[in-house]
Amino acid sequence: MEDTDLIIVGAGPTGMFATFCAGLREIDSITLESLDTHGGQMLELYPEKMVYDVQAVPKMKATDLSDKMYEQSMLFNKKIEFNSKVTDIIPEDGKFTVEVNSEKKYSAKAILICGGVGDFHPNELGVDGEKQYKDKGVYYNVKSTDAFRNKTVAIIGGGDSAFDYQMQLSPICKKTYIIQHNNTFKAAESSVDAVKRDSKAEIIMNTDVKKIDGDGNTVKSIEISNNTDKTSKTLEVDAVVVAIGYKVNPSIFKSLPVETSNRYIKVDHNYKTSVDGVYAAGDMANVSDEPKFALISVGGAEAYIAINNIKKYLSPNASLFGGHSSSLNI
Ligand SMILES: Cc1cc2nc3c(=O)[nH]c(=O)nc-3n(C[C@H](O)[C@H](O)[C@H](O)COP(=O)(O)OP(=O)(O)OC[C@H]3O[C@@H](n4cnc5c(N)ncnc54)[C@H](O)[C@@H]3O)c2cc1C
């Protein structure tokens, strides 16, 4: 097992900024990310959307913002290991054994959990053809709009993601369908109104997808069934975007007895959990039972506070505040 002072779980925006801050405070750290890339929700859920509310960044595509954050996280040559899912954290003699992909890999003096909404996997429709055409016409997000150019696309779902995808794709698609299983939408009213005004969009309510068909290489049609009058029909489509939510598997580890509330890890104002040496920040952590401001900039500020407290935990003689970065000459 390799020794380190700090393990940071997750390389979403919070974990990446924490990685940078660990470098700033000269903490020996390793960041572990279960996915094969950085960015967390930014890259998995809205890579092509613009973000406007991060300080000093008036407007930037989420994917570019993630790249910038990664660049910043690497300023002190810190290690981020991808495809490294933390499967358990076991407290042992004042230290923590960190299990990665079910193997005991690291021994750390402190832990910072930046697991966001957890290890997320998109919900599937569970219909014939879905698995067969995955990535060959069946998608669970829109990573690049180019794959949809001049196509007829069925977007399944009625939440913000479904409507965001429709608005993103409509300008380059031939036609879009929004197919919702009941008669209500969870998406913002303004998005629903915009889609209703879009001449290339057709909204189909109270309808389930029953089957996805294709020619073996790509999707050609879907079979849909109306839940009210039980009629079925076939829609000719070139692609299906399934936007019916994510299965969230919160990264709260079975051997780590941190106190939780709802889906959050409870933290104090220093972002320390109920276990000494274990801290949490970002979307996964909450100081109170009030609704959380789940935002990139908030996670960054929390990571900053957590890392400075971790520095003091690891080196009690160190100052809590490490000084202004503008005083550094890197
Ligand atoms: C559609 C949408 C639009 C948004 N728009 C904005 C916006 O405009 N502005 C804004 O500020 N915020 C926005 N947000 C919110 C913002 O994306 C989140 O607040 C932010 O991503 C939280 O960062 P995080 O690092 O805490 O968590 P996440 O982004 O969820 O990252 C957590 C990372 O930890 C990894 N992980 C989890 N468990 C493990 C494990 N066991 N082992 C290893 N790795 C693990 C995950 O794979 C993930 O990469 C938006 C969110 C959504 C869904």
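The first residue in the sequence is number 1, and the count goes up from there. Keep in mind that what you see is a predicted model, and the values were worked out from it rather than measured. Counting starts at 1 for both ligands and their atoms, in listed order.
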Fellow cluster residues of Leu112, listed by chain then number, with links counted only when side-chain atoms sit under 4.5 Å apart:
Leu6, Ile8, Ile27, Tyr279, Ile307, Ile310, Tyr313, Leu314
Atom indices of ligand 1, in the order listed, that fall short of 4.0 Å to a heavy atom of Leu295
10 (C), 11 (O), 12 (N), 19 (O)
Please determine, by modelled atom types, if Gln180 and Asn206 share a side-chain donor-acceptor pair under 3.5 angstrom.
no
If we only count N/O pairs under 3.5 Å, is Gln41 in contact with ligand 1?
yes
Purely on distance, is any nitrogen or oxygen of Asp283 under 3.5 Å from one on ligand 1?
yes
List the residues meeting ring pair (Phe, Tyr, Trp, His ring centres under 6.0 Å) with Phe321, not counting sequence neighbours, and say none if there are none.
His324
Within a distance under 4.0 Å of any heavy atom of Leu32, pick out the atoms of ligand 1 and give their elements.
43 (C), 44 (N)
Check each heavy atom of Cys114 against ligand 1 and say whether those closer than 4.0 Å belong to the side chain, the backbone, both or neither.
backbone
Subset of ligand 1 atoms that lie under 4.0 Å from at least one heavy atom of Gly40
29 (O), 31 (O), 48 (C), 49 (O)
What part of Asp53 sits under 4.0 Å from ligand 1 if we count only heavy atoms: the side chain, the backbone, both or neither?
side chain
State the OG1-CE distance between Thr14 and Met69, to the nearest 0.5 angstrom.
8.5 Å
Is any N or O atom of Lys85, backbone or side chain, closer than 3.5 Å to an N or O atom of ligand 1?
no
With no hydrogens and no angle check, just 3.5 Å: does a side-chain donor-acceptor pair link Gln55 and Ser297?
no
If the cut-off is 4.0 Å to any non-hydrogen atom of Gly282, which atoms of ligand 1 fall inside it?
26 (O)
If you measure every N or O of Ala281 against every N or O of ligand 1, does any of those distances drop under 3.5 Å?
no
Under 3.5 Å, is there a donor-acceptor pair between the Glu223 and Thr234 side chains?
no
Considering only heavy atoms from C-beta outward, does the side chain of Val241 approach that of Ile156 to under 4.5 Å?
no
Geometric N/O contact Ile296 with ligand 1, under 3.5 angstrom
yes
Does any N or O atom in Tyr46 lie less than 3.5 angstrom from one in ligand 1, N or O only?
yes
Just to be sure I'm reading this right: ignoring hydrogens, which of Pro13, Gly118, Gly15 gets closest to atom 23 (O) of ligand 1? Compare them by their nearest heavy atoms.
Pro13
Mutual orientation of the aromatic rings belonging to Phe82 and His38 [parallel < 30°, tilted 30-60°, perpendicular > 60°]
tilted
What atoms of ligand 1 come closer than 4.0 angstrom to any heavy atom of Leu45?
53 (C)
Under a heavy-atom criterion of less than 4.0 Å, does Gly299 contact ligand 1?
no
Is it possible for you to check whether Lys175 lies under 6.0 Å from the centre of the six-membered ring of Tyr177, through NZ or CZ, and within 45° of that ring's axis?
yes
Do any nitrogen or oxygen atoms of Ala294 lie less than 3.5 angstrom from nitrogen or oxygen atoms of ligand 1?
yes
Taking it one step at a time, do Phe96 and Tyr106 satisfy ring-ring contact (aromatic ring centres under 6.0 Å, His included)?
CA-CA 8 Å; Phe96 302 93; Tyr106 293 107; over 10 Å; no
Note, Ile224 side chain near Leu235 side chain (heavy atom, < 4.5 Å)
yes
Looking only at heavy atoms, is any part of Phe253 under 4.0 Å from ligand 1, and if so is it the side chain, the backbone, or both, or is it neither?
side chain
Any idea which part of Ser84 is under 4.0 Å from ligand 1, heavy-atom wise: side chain, backbone, both or neither?
backbone
Within ligand 1, which atoms have a heavy atom of Gly116 less than 4.0 Å away?
26 (O), 27 (O), 28 (P), 30 (O), 32 (C)
Quick check on the 6.0 Å ring-centre criterion: do Tyr246 and Tyr140 meet it?
no
